[in-house]
Novice: 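Here's a structure for you.
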2 protein chains.
Amino acid sequence: MIKDAASAMAAPADILDPSGGANQVRVRAYNERLVMSLVRRHGSLSKAEIARRSGLSAQTVTVIMRALEAEGLLIRGEPLRGKVGQPSVPMRLNPEAVYSLGMKIGRRSADIVLMDFVGGIRRQVRCTFPYPMPGPLLSFVEEGLAELQASMSPQERARIAGFGVAAPFELWSWASEVGAPQAEMDQWRGVDLEAEIARRVPYPVTLQNDATSACAAELVFGRGPHYPDFLYLFIGSFIGGGVVLNSALFTGRTGTAGAVGPLPVQGRDGETVQLLKIASIYRLENLLREAGIDPMPLWYSPDGWVDFGAPLQLWIDDVAAALAQAVIASASVIDFAAVIIDGGFPDWVRARVVDATKAAVARLDLQGVTMPEIVEGAVGSHARSIGGASLPLFSRYLPDQNVLFKELG
Amino acid sequence: MIKDAASAMAAPADILDPSGGANQVRVRAYNERLVMSLVRRHGSLSKAEIARRSGLSAQTVTVIMRALEAEGLLIRGEPLRGKVGQPSVPMRLNPEAVYSLGMKIGRRSADIVLMDFVGGIRRQVRCTFPYPMPGPLLSFVEEGLAELQASMSPQERARIAGFGVAAPFELWSWASEVGAPQAEMDQWRGVDLEAEIARRVPYPVTLQNDATSACAAELVFGRGPHYPDFLYLFIGSFIGGGVVLNSALFTGRTGTAGAVGPLPVQGRDGETVQLLKIASIYRLENLLREAGIDPMPLWYSPDGWVDFGAPLQLWIDDVAAALAQAVIASASVIDFAAVIIDGGFPDWVRARVVDATKAAVARLDLQGVTMPEIVEGAVGSHARSIGGASLPLFSRYLPDQNVLFKELG
DNA sequence: GATTAATAATTCAATTCGATTTATTTATTG
DNA sequence: CAATAAATAAATCGAATTGAATTATTAATC
């Protein structure tokens, strides 16, 4: 005996057990979600097609889809004729089957949206503020929710799956950058936002980081289906992001996976700074102000942007150089198939940021790096509120491998 | 209707479907692996304990464990008395139930080890060379395997689960660093190493990156059970690594997850270089040579190292400064619970590298970073060959959530 | 010290439930 | 009409669960 690897085995006390066992009930729940996600991704699919794509037997798929149709989640389309054999019946999601509410809390505004089962935004309410405060925000939850509910029939209201909230980490930080009095922002410290909202909303409430939520939206409704894994970056007031692995959202142990803000990068002058100092709309605001340009159009709406000229180009170049370093760093840890970039700006800005980032990456040392594809997000500046609204879908309808395992503890 | 997220939905053609459906047979296979991994992690556990930890019913656990005992994989220990109720029967892995073979291919030597079911290294053969070449290496596979087999009874040989190979990516690269003629190294380009070994070995052959394999060893036999996720770094001839997420090895789409070698870091003079230029034993070799010290003891055996004084300290400081940057960068992408550092050096060097890395991290800007714990690996310099031998265990006995899903395509 | 209650581990038997297998029907092309 | 493909009904299979019973032990009480 030369060496015993088992002798390194630790004391039982602090060992962390993996997730729990599986059983049939959970298999069924998982397979139902899988079937729905296949229909969702392809728009519409026949039972036979689902059987082929899932590897499940045709009979199993028949039983599952019949149940989903009976629940009203799936609806049958016109039988497709013109091929050998019995005509196939394409099945698609019933857009009216499930509604969900999504809220985005930003540093200048908050939105609540009503989304249908296929990602259509049916209604939206918004409020703006110089900086977010707990009291007014919770009032907005009550009033906004009431307004959205008023537009729905009782039958429709009964089909609301939940209320998802997309908010930045530590809202009270960055007070100075937001231009808010620190004393006011400190009011946030005592607030359990999820609990306070849950007290005011008669649906299941889910709170998630805003950029992670946007990533979720991109996964379901955007470019997600094209890549098995990707890093998602959303440039808002500050930069944030999310991680998708094996076609599923990976939030990480503390929920901060993809929160690339603190990533160290080298700035224009070679100094090392955190990514969020460069890739943020606040920085653009400051650049505009220095150039004597009114920055307020930045905040009204992404569609209110105009081409601000040189300061905008400077900002894009700096952002791209920083993002390029973030791309390389993340690709050295996880071999992402793609990095998807989006933000609270118009599509034409996004296109320029992505192009500049591609160019900046090409200037770096790529030897040995498994380079991800760098692509624009397809969801756009509303990704955070759409992502918020998709959170209830994740917990109830979208495939999550944890559905298979028992929750422990 | 304000905006339709679903309109971003792509054409069906290039959509990537998630993994397939699940069924009972797979549930059983998964639960069996889960039970075994619980026993493995805790050394020995009673059926009731397993039921509690897995969330499975006592009866289910009874059935599964009875079957595993009948297969000879589990053996019952002495009933534990002294507590209220029927004495519990601790069950543990039968070390002789399964053997596996592991091979490590390095740039100066290759090892083949015979490992038992609990990670004990029963036997080891080694060959050394100035640089690795396909012909001699494959001869070593044949001769080494024959030697190891000769030490086993036919019954034991029948219980060999497989042959796992841990080899660096692109063995033919870095010829100049290895001090090998480029023409000779180019011989590797045409070689399908896995296939060539499979032709010479009568067991299932698995090929995996060497650092990823070492990570696997750390996951099963080292500090892995203490952390739900971690980044693993192994400093050998060059640096490599692996990623563990949700207590499972994550190799990534291309198998290069955790391959941090190309990560850009700032060196001593502020210049940006790839991590592998700094964190490598080759660099230490060069430093020793410059200082007029014979570097050959580096390569004979990790136990052959002596304290080389100033050049070693310089190397450790540089490595630590670079690793610290890699730690921050990776923590900004995934909120790892830990970064585990090991390498092809003695334990006392590992301790100094880890301590220096902790100190270097503390000198960086940590605002907003979810800092992982930085810890020493518990497996040590043999991690790669032990990891190689653990590869067959992963494919046959260790829990892998993919066991639940149908393979598609 | 003997008796009884409580507790815990284990297992048997019956039940449930979902996926698979097998066979059949339906619809269409060539 | 033969071949093909989709859809599904009925029967079967396999694994987990449920509920009850068994066994072995400690703790409390007489």
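Here is the naming used below: chain letters follow the sequence lines, and residue numbers restart at 1 for every chain. A quick note: this is a predicted structure, and the numbers were derived from the prediction, not measured.
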Novice: Can you tell me if A:Arg92 has over 12 outside heavy atoms packed within less than 6.0 Å of its CZ?
Specialist: no
Novice: Atom CZ of B:Arg28 to atom P of D:dC13: distance rounded to whole Å?
Specialist: 17 Å
Novice: When you measure from the side chain of B:Asp116 to the backbone N and O of B:Glu96, does any donor-acceptor pair fall under 3.5 Å?
Specialist: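 Answer holds: no.
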Novice: Rounded to the nearest 0.5 Å, how far does CD1 of A:Ile64 lie from CG of A:Leu34?
Specialist: 8.0 Å
Novice: So if I take residues 59-75 of chain A and measure heavy-atom distances to DNA chain D, which residues fall below 4.0 Å?
Specialist: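 Residues of residues 59-75 of chain A under 4.0 Å from DNA chain D: A:Gln59, A:Thr62, A:Arg66.
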Novice: Tell me: NZ of A:Lys47 to C1' of D:dA5, nearest whole Å?
Specialist: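 Between C1' of D:dA5 and NZ of A:Lys47: 14 Å.
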Novice: What does B:Ala58 touch in the nucleic acid at a heavy-atom separation under 4.0 angstrom: a base, only the sugar-phosphate, or nothing?
Specialist: base
Novice: Quick check on B:Arg159: does its CZ atom have over 12 non-hydrogen neighbours (other residues, nucleotides or ligands) under 6.0 Å away?
Specialist: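 Correct, the count exceeds 12.
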Novice: Phosphate oxygens OP1/OP2 of D:dA15: is one of them under 4.0 Å from a side-chain N or O of B:Arg26?
Specialist: no
Novice: Which residue lies toward the 5' end of DNA chain C, A:Val25 or B:Val89, if each is placed at its nearest nucleotide?
Specialist: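 It is B:Val89, whose closest nucleotide lies nearer the 5' terminus.
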Novice: Atom CG of B:Asn31 and atom P of D:dG14: how far apart are they, to the nearest Å?
Specialist: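 Spelled out: CG on B:Asn31 to P on D:dG14 is 17 Å.
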Novice: Would you kindly give the CG-to-C1' distance between B:Leu34 and D:dA15, to the nearest whole Å?
Specialist: 15 Å
Novice: For A:Tyr397, what residues pass the ring pair (Phe, Tyr, Trp, His ring centres under 6.0 Å) criterion, not counting sequence neighbours?
Specialist: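 Counting only residues at least two positions away or on another chain, A:Tyr397 forms a ring pair (Phe, Tyr, Trp, His ring centres under 6.0 Å) with A:Phe117.
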Novice: Say whether, by atom type as modelled, one donor and one acceptor occur between the side chain of A:Glu218 and the main chain of A:Tyr232 under 3.5 angstrom.
Specialist: no
Novice: Can you tell me if B:Ser390 uses its side chain to pair, donor with acceptor, with the backbone of B:Leu393 under 3.5 Å?
Specialist: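 No, because the side chain of B:Ser390 does not come within donor-acceptor range (under 3.5 Å) of the backbone of B:Leu393.
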Novice: Looking at B:Gln24 and D:dG14, is any side-chain donor or acceptor paired with a base atom of the opposite kind under 3.5 Å?
Specialist: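 Answer yes: a donor N or O sits under 3.5 Å from an acceptor.
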Novice: B:Leu56 CG to D:dG14 P: how many Å, rounded?
Specialist: 20 Å
Novice: Determine, stepwise, if the pair B:Arg253 / A:Asp229 fulfils salt bridge (charged side-chain N to carboxylate O under 4.0 Å, His left out).
Specialist: CA-CA 8 Å; B:Arg253 181 180 47 99; A:Asp229 39 48; 3.7 Å; yes
Novice: Will you find, in the side chains of B:Arg26 and B:Tyr30, an N or O donor that is under 3.5 Å from an N or O acceptor?
Specialist: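 There is no such pair (donor and acceptor under 3.5 Å, judged by atom type) between the side chains of B:Arg26 and B:Tyr30.
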Novice: Output yes when at least one side-chain N/O atom of A:Asn23 is less than 4.0 Å from OP1 or OP2 of D:dA15, else no.
Specialist: no
Novice: Over how many whole Å does the gap from B:Ile50 atom CD1 to D:dA16 atom C1' extend?
Specialist: 17 Å
Novice: List every contact pair, protein side and nucleotides 23-25 of chain C side both N or O, where the distance is under 3.5 Å.
Specialist:
none

